[in-house]
Amino acid sequence: MLPAWSVLAALVPSPRVLHPPRACVAPVGRQDPLRPDRPPIEPLVINAIQELLSAQAPDPAAVAERALAARSADPDYVLTGAEADRLRASVAAAATAAEPLGALL
């Protein structure tokens, strides 16, 4: 027969069970150290350039403004002024290079 204390110990939870181990506590700070603080702008630039190259009469300023308006609809991510300028410059450079590159192809 089992001693009474072993039966009682099996019925009463250990204090260690009531509190999670320290390893289960979420770290303070960034959750993923490999993910950048801000999302990259490159996918937005690529989509704008694709729209520019697929248009019949491309207007680089209008394409850039549509891309910026689409991004501003996302409440979780606001472009900085430098990022917006970089997008406009990239779309303008792609528009300038589109005709010579098309002629080479």
Side-chain angles (χ1 to χ4, degrees):
M1 185 160 179
L2 296 172
W5 61 267
S6 65
V7 174
L8 185 61
L11 297 175
V12 177
S14 170
R16 287 178 283 162
V17 176
L18 298 176
H19 303 290
R22 290 189 185 269
C24 292
V25 176
V28 177
R30 290 176 39 198
Q31 295 296 323
D32 186 359
L34 300 177
R35 182 173 296 197
D37 289 333
R38 298 182 55 78
I41 191 174
E42 286 78 12
L44 183 65
V45 172
I46 290 169
N47 291 342
I49 291 173
Q50 285 178 337
E51 181 184 343
L52 176 79
L53 296 177
S54 66
Q56 294 296 328
D59 180 16
V63 169
E65 293 308 315
R66 277 195 300 274
L68 290 172
R71 181 49 68 108
S72 68
D74 184 1
D76 294 332
Y77 183 63
V78 177
L79 289 173
T80 63
E83 289 173 327
D85 292 341
R86 182 174 161 204
L87 174 88
R88 289 183 186 104
S90 297
V91 171
T96 303
E99 188 175 329
L101 288 175
L104 289 174
L105 293 174

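Please read these numbers as outputs of a predicted model, since none were measured by experiment.
Under the 4.5 Å side-chain criterion, counting only non-hydrogen atoms from C-beta, Leu52 is in contact with Pro60.
Considering every non-hydrogen atom in both Ala48 and Leu87, the closest pair reads CB-CD1, 4.3 Å.
Residues satisfying the side chain to side chain donor-acceptor pair (under 3.5 Å) test with Arg88, not counting sequence neighbours, are Glu65, Asp85.
Tyr77 and Leu68 fall within a single hydrophobic cluster, where Ile, Leu, Val, Met, Phe, Trp and Tyr side chains are chained together by heavy-atom contacts under 4.5 Å. Cluster membership check: Val45 shares its hydrophobic cluster with Leu53, using side-chain heavy-atom separations under 4.5 Å among Ile, Leu, Val, Met, Phe, Trp and Tyr.
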List the atom pairs, donor and acceptor, that lie under 3.5 Å between side-chain atoms in residues 94-105 and the rest of the protein, sequence neighbours left out.
| from | atom 1 | to | atom 2 | distance (Å) |
| --- | --- | --- | --- | --- |
| Thr96 | OG1 | Ala92 | O | 2.9 |

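Rounding to the nearest 0.5 Å places OG of Ser54 at 12.0 Å from CD1 of Ile49.
Applying the salt bridge (Lys or Arg N to Asp or Glu O under 4.0 Å) test to every pair with at least one member in residues 44-57, sequence neighbours left out, gives these pairs: Glu51-Arg66.
Each of Leu79, Leu44, Ile41, Thr80 was checked for a side chain to side chain contact (heavy atoms under 4.5 Å, CB included) with Arg86, and the lone residue meeting it is Ile41.
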